[in-house]
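Reviewing the structure listed below.
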Amino acid sequence: MNPILIIIKDLKNDKKVLKGGLERAIEEGRPAVIAKIIERPEHLGVYNPEAEEYLVQKAWQEVDKAIEEGEKLGINVYGVIKIGPLEEKINEVAKEVKAKLIVIGQKKISGFKKLVFGHSNKEENNFEDTCPVLLIGKK
């Protein structure tokens with residue numbers, strides 16, 4: 001069954017996003033995927049594997065806490081961590097898990113907005129053909 005994909009930046013700021021996504025999963029009787037994208041622009045040039053490993057470990061700590069929240073509600077939940085440009089990785093995860101819906105905080109959509117509403121010049125990053133997007137929170 002196609003899951004609800006919940007994109008979190010950090011649990012402190014994305015409590016409403018997590019809650020909204022988990023509620024939607026319950027309403028629709030679907031599993032949930034909690035995804036955290038570690039943004040690392042490709043043009044940085046400097047690669048530090050120790051620093052990246054630390055960021056991944058911290059990301060998994062947050063994703064694991066989010067998974068626990070879902071499991072308390074009786075939802076089948078699993079997590080995903082990706083490293084790279086936000087829009088690209090969200091689209092990648094959505095396609096990999098065959099998401100029914102993407103739930104994301106509205107404040108994350110500055111550069112993401114064009115992509116969501118089909119104004120991206122990169123066809124492969126257009127969500128219109130992947131699945132609908134639910135924006136939660138204030139701009």
In short, V80 meets W60 closest at the heavy-atom pair N-CH2, 4.1 Å
Can a salt bridge be assigned to the pair E92 and K89 using a cut-off of 4.0 Å between side-chain N and carboxylate O?
-> yes
Given L5, L18, L11, the one that forms side-chain contact (heavy atoms from CB on, under 4.5 Å) with I34 = L18
Output for pair (N76 CG, I67 CD1), nearest 0.5 Å, gives 10.0 Å
Nearest heavy-atom pair of I90 and I102: which atoms, and what distance?
-> CG2-CD1, 4.1 Å
Working to the nearest 0.5 Å, report the span between CD of E52 and CD1 of I83.
-> 3.5 Å
Can you see which heavy atom on I7 is nearest to which on V17, and at what distance?
-> O-CG1, 3.6 Å
Consider only side-chain N and O atoms of Q61 and Q57, and report whether a donor and an acceptor are under 3.5 Å apart.
-> no
Ionic contact status for K65 with E68, cut-off 4.0 Å = no
Straight-line distance of K98 NZ to K95 NZ, nearest 0.5 Å = 11.5 Å
Salt bridge between K36 and E62, side-chain N to carboxylate O under 4.0 Å?
-> yes
Please report the shortest heavy-atom distance between A25 and I4, naming the atom on each side.
-> CA-CG1, 3.8 Å
Rounded to the nearest 0.5 Å, the CZ atom of R30 sits from the CG atom of L101 at a distance of 9.0 Å
Exercise: identify the closest heavy-atom pair between A32 and I6 | CB-CD1, 4.1 Å
What distance separates D10 CG from K58 NZ, expressed to the nearest 0.5 Å?
-> 11.5 Å
Smallest separation among heavy atoms of A99 and N2, with atom names = C-CB, 4.4 Å
Spacing of CD1 belonging to I75 relative to CD1 belonging to I26, to within rounding of 0.5 Å = 4.0 Å
